[in-house]
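Notes to accompany the following structure.
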Amino acid sequence: MMKPKVKSPVKIKKMKLLRFGRDFEPDQQVILRDYLAIERTRLANERTLLSYIRSSLYLLLGGIAFFQLKEFPNFKYLAILSLVFSLIFFIIGIYRFTLLKKSLKRLYYKSEEIEEEND
């Protein structure tokens, strides 16, 4: 007899931690309150993207300013680190924005399909 393969809970938890977004599964028709909640979430998503971009620009400006300091050559490494973090912030912001946007689109279209089936 072969034992059935069981996924370890540690692997499952790691996979959930690696994902930034969450999938929503609507189980009924979307009402006005839910639609407004989706709109608020969409606006919050855009606001978060702008925050990531703003932080990225601040780090970029800080890195450029550190490069301009000729009297302190040790700040060169800090400038490079600042530029690297600027790029990382920008990429994470874009990634999270697109991930949540796709998730919201999927939620909205699934709710429309459910609504059409009920009609």
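Just so you know, residue 1 is the first one in the sequence shown, and it goes up from there.
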Spacing of [atom1] belonging to [X] relative to [atom2] belonging to [Y], to within rounding of 0.5 Å:
X	Y	atom1	atom2	answer
Ser56	Ile94	OG	CD1	9.5 Å
Leu83	Leu59	CG	CG	8.5 Å
Arg42	Arg40	CZ	CZ	12.5 Å
Ile88	Leu81	CD1	CG	8.5 Å
Thr48	Leu43	OG1	CG	10.5 Å
Phe66	Phe72	CZ	CZ	10.5 Å

Got a donor-acceptor contact below 3.5 angstrom from the Ser103 side chain to the Leu99 backbone?
no

**Flag, side chain of Ser82 to backbone of Leu78, donor-acceptor distance under 3.5 Å** =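 No; judged by distance alone, with no hydrogens or angles, the pair does not exist.
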
Tell me whether Phe85 at atom CZ has more than 12 heavy atoms from other residues, nucleotides or ligands lying less than 6.0 Å away.
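Not more than 12 within 6.0 Å, no.
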
Please evaluate residues Phe67 and Lys76 with respect to the criterion side chain to side chain contact (heavy atoms under 4.5 Å, CB included), reporting the C-alpha separation (whole Å), side-chain torsions for both, the decisive distance (0.1 Å), and the verdict. CA-CA 6 Å; Phe67 271 126; Lys76 179 181 175 186; 4.0 Å; yes

Apart from Ile91 itself, members of its ILVMFWY cluster (side-chain separation under 4.5 Å) are Leu87

Arg54 meets the side-chain contact (heavy atoms from CB on, under 4.5 Å) criterion, sequence neighbours left out, with Ser51, Tyr58

Applying side-chain contact (heavy atoms from CB on, under 4.5 Å) to Lys101 and not counting sequence neighbours gives Asn45, Phe97

> In terms of hydrophobic clustering (I, L, V, M, F, W, Y; side-chain heavy atoms under 4.5 Å; direct or indirect links), are Leu50 and Leu104 co-clustered?
Replying inline: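 No, because Leu50 and Leu104 fall into different hydrophobic clusters, even though each may have its own neighbours under 4.5 Å.
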
For a side chain to side chain contact (heavy atoms under 4.5 Å, CB included) check, start with the C-alpha distance between Phe90 and Leu57, then their side-chain angles and the critical distance, and finish with the verdict. CA-CA 9 Å; Phe90 186 74; Leu57 287 174; over 6 Å; no

